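Please read these numbers as outputs of a predicted model, since none were measured by experiment. Below, chain A is the first sequence line, B the second, and so on; all start at residue 1. These numbers come from the heavy atoms of this one structure, side chains and all, not from hydrogens, waters or symmetry mates.
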Amino acid sequence: MDIRVRFAPSPTGYVHIGSLRTALYNFLFARKNKGQFVLRIEDTDRTRLVGGAIENLLDSLKWAGINHDEGVFIENSELVQKGNFGPYIQSERLDIYQSYIHALIDKGYAYYCFCSKERLEEVRDKQKSEGKTPMYDRHCLNLSKDEAEIRIKAGEEYVVRLKVPDNEEIRFHDLVRGDIAIHSSDIDDQVLIKSDGYPTYHFAVVIDDYLMKITHIVRGEEWLTSTPKQVVLYNYYGWNVPDFVHLPTVLNKDKKKLSKRQGDVSVTDFLDKGYLPEALVNYLALVGWSPKDNQELFTMDELIQEFSFDRISNTGGVFDVDKLNWINSQYIRKADNEELFELAIHHIIAAGRDTEENIRREKDRYLKIIDLVKEKLDHMSQINNHLDVFFGDEVSFENEEVIDTLQQEHVTRLLNAFMVKLKETEAVDEEFSANIFNVLKNETGAKGKGLFMPIRAAVTGQLHGPDMGKTFIILGKSLLIRRIEFVLDALND
RNA sequence: GGCCCUAUGGUCAAGCGGUCAAGACACCGCCCUUUCACGGCAGUAACCUGGGUUCGAUUCCCAGUAGGGUCACCA
């Protein structure tokens, strides 16, 4: 049997990082087993729809390199659907759900319910106050078919509910958690069709997974306890139950489900900060799954090669930004400077430093800077922290220590000597950079930190930073001269 | 509260009856670098508790405890 899996988000906004991991695991499993990966849109809650959410979702998946074979795609900024099991958007499958719900009602496996929301509320409140688990009291279970039809014709609002079997142990197998059994008396008579005619998740997911021939349902752990409801449906229809794989939750530092309040949770948040997609995917793969050996850095192909459900852990994992940063920094160091430049542009503009036009005009210079500082970056938005040093005639002193360094007695003489050499040289090139400190040492007698630090302080305004010689070359002769002039003036005042 | 899942260092995690209980991130120290970073080396730090089963439990079973999930006409 061909392996078929699906990722089935609802278009209610940004893509959560946990969802991305679910999509990733589905994708890896499909690729590893030469199966099909379907993208289905679950938009049955008409009240929570967010415009543009599907496009955003598709963009995020594409950015991450998680590609599907079937379902909803975007082409020439139009949504299109591909595959033999469509439509892949649930709101376009209403007639399908209707026919399947009638089969259920006819067999007595589902029933009409006319209870008002107010009544349901009352029943729930009463049950809660008695310390019971709130559940539908089956008030409408025994309405005759005739009566139901009369009330429907009269225009009364209704829903269709699942008739959960009495006194039965509902069992299913999960590839991560093993055998799970829940007693039917703990399961509510779930609404299957809402009063607006749309199906609920629990109904639509079963119909669609069946019709789309899904073999493995890989989804978040939050679905684990509602799985029996779906298993009941499979049994009523006489369909084979697919394999379930419930993934451990991605948690915050406080071990709660990762949520927006506590920082970045959406894929676009990470894109905006300048994380590389390969790095995010690499890190995410490692929260909840581990390889056989101790490998930490994976290409997508390597992940596909190594991935298997039996190495998924069964405990929720905290999303550790420190480790993400480490992985991202590894990728940045290996990345091509051109690629990093394109990424950096976005952040330099966002920081209000310069226009795209100007940045591109100085591309060569930026490429050298990036090459020099990329090993200091966790993510590309940090590029801005390293740019001041390379731009502007004036030097801003980072702190008191810098000023103390420059106010040492020998420094004016040292800087003047440096100035002379700068003016003498044709260009500040590698040769100049390689020799200048020795020359200054011989001429001024300054040495060690007394030589090196004042120059660094004068040129950059800081006491630490990238290699001095390379910095000289990037700055160039004229800019260096203007800066030394600026500092000498400042020291005179 | 009912039901379900889970329990190894601060974090991710390996382990699947007998190990001095891996590795990575973070942290600390040293080396390299006349700075910072990178890199290299070393270090601190863990099997939730109590009962069983067993010659022997981190590993299997039960209970407790703790954490998480779920109890909607949301997914």
**Student:** A/S329 near the nucleic acid: base, sugar-phosphate alone, or nothing, with a heavy-atom cut-off under 4.0 Å?
**Tutor:** nothing
**Student:** Look through every strand shown and name the nucleotide pairing with B/A13 as Watson-Crick or G-U wobble, where both distances are under 3.5 Å.
**Tutor:** none
**Student:** Tell me which of A/K323 and A/V318 sits closer to the 5' end of RNA chain B, going by the nucleotide each one is nearest to.
**Tutor:** A/V318
**Student:** Tell me what A/R219 touches on the nucleic acid: a base, only sugar-phosphate, or nothing, going by heavy atoms under 4.0 Å.
**Tutor:** nothing
**Student:** Grab the CG-P distance between A/L286 and B/G23 for me, whole Å please.
**Tutor:** 17 Å
**Student:** From the options B/U6, B/G68, B/C73, select the nucleotide whose nearest atom is closest to the side chain of A/T315.
**Tutor:** B/U6
**Student:** Can you identify which nucleotide, out of B/C3, B/C25, B/C12, has its nearest atom closest to the A/D322 side chain?
**Tutor:** B/C25
**Student:** Is a donor from one side chain sitting under 3.5 angstrom from an acceptor on the other, for A/D189 and A/Y111?
**Tutor:** yes
**Student:** Can you give one letter per nucleotide of nucleotides 28-41 of chain B, going 5' to 3': B for a protein heavy atom under 4.0 Å from the base, S for sugar-phosphate only, - for none?
**Tutor:** ------BBBBSS--
**Student:** Say you pick atom C1' in B/A14 and the same atom in B/C61; how far apart are they, in whole Å?
**Tutor:** 24 Å
**Student:** Under 4.0 angstrom, heavy atoms only, what part of the nucleic acid is A/G450 near: base, sugar-phosphate, or nothing?
**Tutor:** nothing
**Student:** Just so I know, are the side chains of A/Y198 and A/S91 near enough to count as touching, which here means a heavy-atom distance under 4.5 Å?
**Tutor:** yes
**Student:** What about A/T225, does its side chain sit under 3.5 Å from the base of B/C4 through a donor-acceptor pair?
**Tutor:** no
**Student:** Testing A/Q127, A/K132, A/K128 one by one against A/E130 for a side chain to side chain donor-acceptor pair (under 3.5 Å), which residue passes?
**Tutor:** A/K132
**Student:** What does B/A63 pair with, Watson-Crick or G-U, if both distances are under 3.5 Å?
**Tutor:** B/U49
**Student:** Determine the Euclidean distance between corresponding P atoms of B/C38 and B/G29; express it in Å to zero decimal places.
**Tutor:** 14 Å
**Student:** Are the side chain of A/D137 and the backbone N or O of A/H139 linked by a donor-acceptor pair below 3.5 Å?
**Tutor:** yes
**Student:** Return the pairing partner of B/C73 with a 3.5 Å limit on both distances, Watson-Crick or G-U wobble; otherwise return none.
**Tutor:** none
**Student:** Report the nucleotide, chosen from B/C4, B/G10, B/C73, that has the shortest atom-to-atom distance to any side-chain atom of A/I180.
**Tutor:** B/C4
**Student:** Using whole Å, what does the distance between atom C1' of nucleotide B/U11 and atom CG of A/L284 come to?
**Tutor:** 15 Å
**Student:** If we ignore angles and hydrogens, is there a donor and acceptor under 3.5 Å between the side chains of A/N337 and A/D371?
**Tutor:** yes
**Student:** Let's test this: given Watson-Crick or G-U wobble pairing with both distances under 3.5 Å, identify the partner of B/G39.
**Tutor:** B/C31
**Student:** Could you check which nucleotide pairs with B/A57 in any of the strands shown, counting Watson-Crick or G-U wobble with both distances under 3.5 Å?
**Tutor:** none
**Student:** From B/C12, B/C5, B/A75, pick the nucleotide closest to the side chain of A/R177?
**Tutor:** B/C5
**Student:** Between A/K163 and A/D166, does at least one N-O distance fall below 4.0 Å, as a salt bridge requires?
**Tutor:** yes
**Student:** Between B/C12, B/A75, B/A13, which nucleotide gets closest to the side-chain atoms of A/S290?
**Tutor:** B/A13
**Student:** Distance between the P atoms of B/C20 and B/G68, in whole angstroms?
**Tutor:** 36 Å
**Student:** Please give, in whole Å, the distance from B/A13 P to A/D320 CG?
**Tutor:** 10 Å
**Student:** Do A/D209 and A/Q230 come within less than 4.5 Å of each other through their side chains, counting heavy atoms only?
**Tutor:** no
**Student:** When A/W289 is tested against each of A/Y25, A/F307, A/Y283, A/F29 for ring pair (Phe, Tyr, Trp, His ring centres under 6.0 Å), which residue passes?
**Tutor:** A/F307
